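Computation of the quantities below employed the complete heavy-atom set of this structure, encompassing side-chain atoms and omitting hydrogens, waters and symmetry-equivalent molecules. No experiment lies behind these values; they were computed from the predicted model shown. When a residue number appears, it is its place in the shown sequence, counting from 1.
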Amino acid sequence: MFEVDLHLHTTYSDGTLDPAELVSLCASRGLSVIAISDHDSTEALPEALATARGYDGLKVIPAIELSTDIPGSEIHILGYY
């Protein structure tokens, strides 16, 4: 069985942990697949991918959460890879 979280944010958007801290926390909690999907930014990905190399069995999927406005609201679209 895999433990997966495909919607995580770092301090590069509205998260509270930097990329290395987030990857380390996920590994310590037993997750095997995560996606770093900051709002409108991929800046966290190099650090997250580098940190994940130190954890056997942890895969980081590069992602982004794109923001767009529509009349009277806002939509967020998740993109993977």
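Between the side chain of S13 and the backbone N or O of H9 there is no donor-acceptor pair closer than 3.5 Å. A distance-only check finds no donor-acceptor pair linking the side chain of T10 to the backbone of A44 [under 3.5 Å]. In terms of modelled atom types and a separation under 3.5 Å, the side chain of S28 and the main chain of L25 share a donor-acceptor contact.
More than 12 heavy atoms of other shown residues, nucleotides or ligands fall within 6.0 angstrom of atom OH in Y80. Within 6.0 Å of CG on D56 lie no more than 12 heavy atoms contributed by other residues, nucleotides or ligands.
Using a 4.5 Å cut-off between side-chain heavy atoms of Ile, Leu, Val, Met, Phe, Trp and Tyr, with links allowed through other members, Y81 and L6 fall into the same hydrophobic cluster. Taking hydrophobic clusters as Ile, Leu, Val, Met, Phe, Trp and Tyr residues chained together by side-chain heavy-atom distances below 4.5 Å, V23 shares a cluster with L17. Grouping the Ile, Leu, Val, Met, Phe, Trp and Tyr side chains by contacts below 4.5 angstrom, directly or via other members, places L49 with Y55. Follow the hydrophobic side-chain contacts under 4.5 Å out from Y12 and you never reach L22; the two are in separate clusters. A single hydrophobic cluster is seen to contain both I61 and L78, as judged by linkage of ILVMFWY side chains at heavy-atom distances under 4.5 Å, directly or through other members.
In this structure, D38 and I64 have side chains that are not in contact, with every pair of non-hydrogen atoms separated by 4.5 Å or more. Counting heavy atoms from C-beta outward, T51 and S24 have side chains that approach closer than 4.5 Å. Side-chain contact between L66 and H76: absent, with no pair of heavy atoms (C-beta onward) separated by less than 4.5 Å. By the 4.5 Å heavy-atom criterion applied to side chains, H7 and D5 are counted as neighbours.
Contact record, A48 with P19: N-CB, 3.9 Å, taken as the closest heavy-atom pair. E3 approaches G30 most closely through the heavy-atom pair CB-O, 3.6 Å.
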Going through the distances and angles, do L45 and I36 end up as a side-chain contact (heavy atoms from CB on, under 4.5 Å)? CA-CA 7 Å; L45 294 176; I36 305 295; 3.8 Å; yes
When you look at E74 and T68, which way does the side-chain contact (heavy atoms from CB on, under 4.5 Å) test go after all the steps? CA-CA 6 Å; E74 182 179 22; T68 185; over 6 Å; no
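A donor-acceptor contact closer than 3.5 angstrom is absent between the side chains of D18 and T11.
Rounding to the nearest 0.5 angstrom, the gap separating the CG atom in L8 from the CD1 atom in I34 is 5.5 Å.
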